[in-house]
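Below is one structure, written out as structure tokens, with a few remarks after it.
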Amino acid sequence: MRGGTVTGSRSLHDPHSAALLSNGAGRVVSPYGLTDWPGALELLGTNGPADSIRRVRQAEARTSGDLDARAPDDAAVAHCTHLLAGYGPGRENVQKPGSTRPYSPP
């Protein structure tokens with residue numbers, strides 16, 4: 001999708017990880033279709049951001065001779081893992097990992 005933004009939502013009940021991908025890194029899903037969005041998150045968790053970007057670069061190289069080929073674009077990934085499960089309204093007494101005191105959100 002050129003010039004567009006892809007957004008989505010998901011229940012935040014006990015999230016394990018989250019990711020932000022630039023449009024270049026998001027090419028792993030669209031237009032190259034190497035995986036879907038849940039698969040992209042799994043790929044990041046299993047192999048890390050460098051592998052995901054490597055796959056995008058390989059797809060760009062394979063299509064470089066096509067008339068509708070896309071020029072390589074920035075590819076940046078922020079992958080957050082080990083999110084605090086149970087954070088949210090009504091869960092003020094959840095402990096931070098490694099803490100002996102209850103965690104109270106700010």
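In what follows, every heavy atom counts, from backbone to side chain, and hydrogens, waters and symmetry copies are set aside.
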task = Could you tell me which residues satisfy side-chain contact (heavy atoms from CB on, under 4.5 Å) with A40, sequence neighbours excluded, listed by chain and number?
result = V28, V29, T35, W37
query = Taking C-beta and beyond as the side chain, do L41 and H79 meet within less than 4.5 Å on heavy atoms?
reply = yes
remark   = So OG of S22 and CD1 of I53: to nearest 0.5 Å the spacing works out to 7.0 Å
inquiry  = Let me confirm one number: the OG-CG distance from S52 to L43, rounded to the nearest 0.5 Å.
reply    = 5.0 Å
Partners meeting salt bridge (Lys or Arg N to Asp or Glu O under 4.0 Å) with D51 (sequence neighbours left out) = R54, R55
remark   = Between D36 and G39, the two heavy atoms sitting closest are OD1-N, 2.7 Å
query = For the residue pair V56 and A25, what are the closest heavy atoms and their distance?
reply = CG2-O, 3.7 Å
remark   = Tested for side chain to side chain contact (heavy atoms under 4.5 Å, CB included) against E60, the lone hit among R57, R62, Q58 is R57
ask   = Under 3.5 Å, side chain of S17 to main-chain N/O of T81, donor-acceptor pair present?
value = no
